[in-house]
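First up is the structure itself, then whatever we jot down about it.
Treat the numbers as computed from the prediction; the structure is a model and nothing was measured.
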Amino acid sequence: METVMNIPTQTEFRNHTLIVTVSTDDGRPVLDRRAYESLAKTFHEAAVDDEVRVVVLRGLAGCFCLGGDFSEFLDATKHQRLIAAVTDMFRTLATFPKPVLACVDGDAVGVGCTILFHCDMVIASGESTFRVPFVDFGLVPDAATSILAPQKLGYAGAFRFFCLGDTLRAEDAKALGLVTEIVAGGSVEEAALGRARQLAKKPVAALLQTRDLLRGDTGVLCDRIDREISLFQQALQDDVTLKRLQRIARLAA
């Protein structure tokens, strides 16, 4: 295995492709403050490392990501550092200059799903599911998905997905445009790495310039990220929302 930068244990590097596992340090399929900080640092470093041409996001076995760590939502003493970490990670992802692919095998929930809207390709198993229950929790979407979701899914599809909180199966997510490819009877990760190898072999400047043209003005996304985070933070200060989150946390325990 070739190593380029100070790679943490959740990452691997193969053939100009950085593979990043979406999880906490202790191996839970959620994102806590430390995980957000680690992801932001990894993307910051990968952005300026010429050896990294493509990034692949993966989850743990049988689960991509179940969302944010509820315990941090319910602890007001952690909100300031959490919001700073979340904002940095989302802004870094929105402005990342290189192709990002995701391989999803299992559930992608909350931020584990919204992060996929920043990926250039989402390759999923047929058993994968996608859900964004923000409204059910009394919260708003994050990661600039209030812009990206209507662009990708259409307004009606985005409204149904976010406001009704429907669970999308892989086939439905592909029909709407969230999933690029469905892998049947094989390794989702190997399929994603195959696509990554294809991209890594392309002329670098032409690939990055074309991606940049396709994505357009990322400053608009960063402004929306800040707006969403502000509303999210306000919701975490609302007593009714906190009681709802506490009830949901107890049911999930």
Ignoring hydrogens and angles, tell me if any N or O in the side chain of [X] forms a donor-acceptor pair with the backbone of [Y] under 3.5 Å.
{"X": "Ser187", "Y": "Glu190", "answer": "yes"}
{"X": "Lys98", "Y": "Val52", "answer": "yes"}
{"X": "His79", "Y": "Leu236", "answer": "no"}
{"X": "Thr24", "Y": "Arg28", "answer": "yes"}
{"X": "Glu228", "Y": "Ala144", "answer": "yes"}
{"X": "Asp105", "Y": "Ser125", "answer": "no"}
{"X": "Thr180", "Y": "Val122", "answer": "yes"}

Distance, nearest 0.5 Å, that separates [atom1] of [X] from [atom2] of [Y]:
{"X": "Lys41", "Y": "Asp88", "atom1": "NZ", "atom2": "CG", "answer": "12.0 Å"}
{"X": "Ile83", "Y": "Glu72", "atom1": "CD1", "atom2": "CD", "answer": "10.0 Å"}
{"X": "Lys78", "Y": "Phe73", "atom1": "NZ", "atom2": "CZ", "answer": "12.0 Å"}
{"X": "Leu168", "Y": "Asp166", "atom1": "CG", "atom2": "CG", "answer": "7.0 Å"}
{"X": "Ile115", "Y": "Cys65", "atom1": "CD1", "atom2": "SG", "answer": "7.5 Å"}
{"X": "Asp136", "Y": "Ile248", "atom1": "CG", "atom2": "CD1", "answer": "7.0 Å"}

Please find the pair of heavy atoms, one from [X] and one from [Y], that lie closest to each other, and give the distance.
{"X": "Ala200", "Y": "Asn15", "answer": "CB-O, 3.9 Å"}
{"X": "Phe162", "Y": "Thr114", "answer": "CE2-CG2, 4.3 Å"}
{"X": "Ala108", "Y": "Val104", "answer": "CB-CG1, 4.3 Å"}
{"X": "Pro99", "Y": "Leu208", "answer": "CD-CD2, 3.9 Å"}
{"X": "Pro29", "Y": "Leu60", "answer": "N-CD1, 3.8 Å"}

Same cluster for [X] and [Y] if Ile/Leu/Val/Met/Phe/Trp/Tyr side chains link at under 4.5 Å?
{"X": "Phe13", "Y": "Leu101", "answer": "no"}
{"X": "Val30", "Y": "Phe232", "answer": "no"}
{"X": "Met89", "Y": "Ile147", "answer": "yes"}

Exercise for review: For the residue pair Leu242 and Asp238, establish whether any side-chain heavy-atom pair is separated by less than 4.5 Å.
Suggested key: no
Check your understanding: Do Phe90 and Cys222 touch side chain to side chain, with heavy atoms closer than 4.5 Å?
Key -> no
Check your understanding: Is the closest basic N to carboxylate O distance between Asp25 and Arg34 below 4.0 Å?
Key -> no
Check your understanding: Would you call Glu181-Arg195 a salt bridge at under 4.0 Å N-O?
Key -> yes
Check your understanding: In this structure, which one of Leu93, Val20, Thr11 forms a side-chain contact (heavy atoms from CB on, under 4.5 Å) with Leu39?
Key -> Val20
Taking atom types as modelled, is there a side-chain donor on [X] or [Y] under 3.5 Å from an acceptor on the other?
{"X": "Ser38", "Y": "Gln10", "answer": "no"}
{"X": "Thr17", "Y": "Arg197", "answer": "no"}
{"X": "Asp107", "Y": "Thr129", "answer": "yes"}

Review point. Can you list every ring pair (Phe, Tyr, Trp, His ring centres under 6.0 Å) pair that touches residues 126-149, not counting sequence neighbours?
Key: Phe70-Phe137
Review point. Should we count CG of Asp50 as having more than 12 external heavy atoms under 6.0 Å?
Key: no
Practice item. Report the C-alpha distance between Asp69 and Arg33 in whole Å, list the side-chain angles of each, state the deciding distance to 0.1 Å, and finish with yes or no for salt bridge (Lys or Arg N to Asp or Glu O under 4.0 Å). Key: CA-CA 8 Å; Asp69 186 340; Arg33 175 183 59 81; over 6 Å; no
Practice item. Give the C-alpha distance, both sets of side-chain angles, the deciding distance and a yes or no for side chain to side chain contact (heavy atoms under 4.5 Å, CB included) between Arg91 and Thr95. Key: CA-CA 6 Å; Arg91 280 175 152 266; Thr95 58; 5.5 Å; no
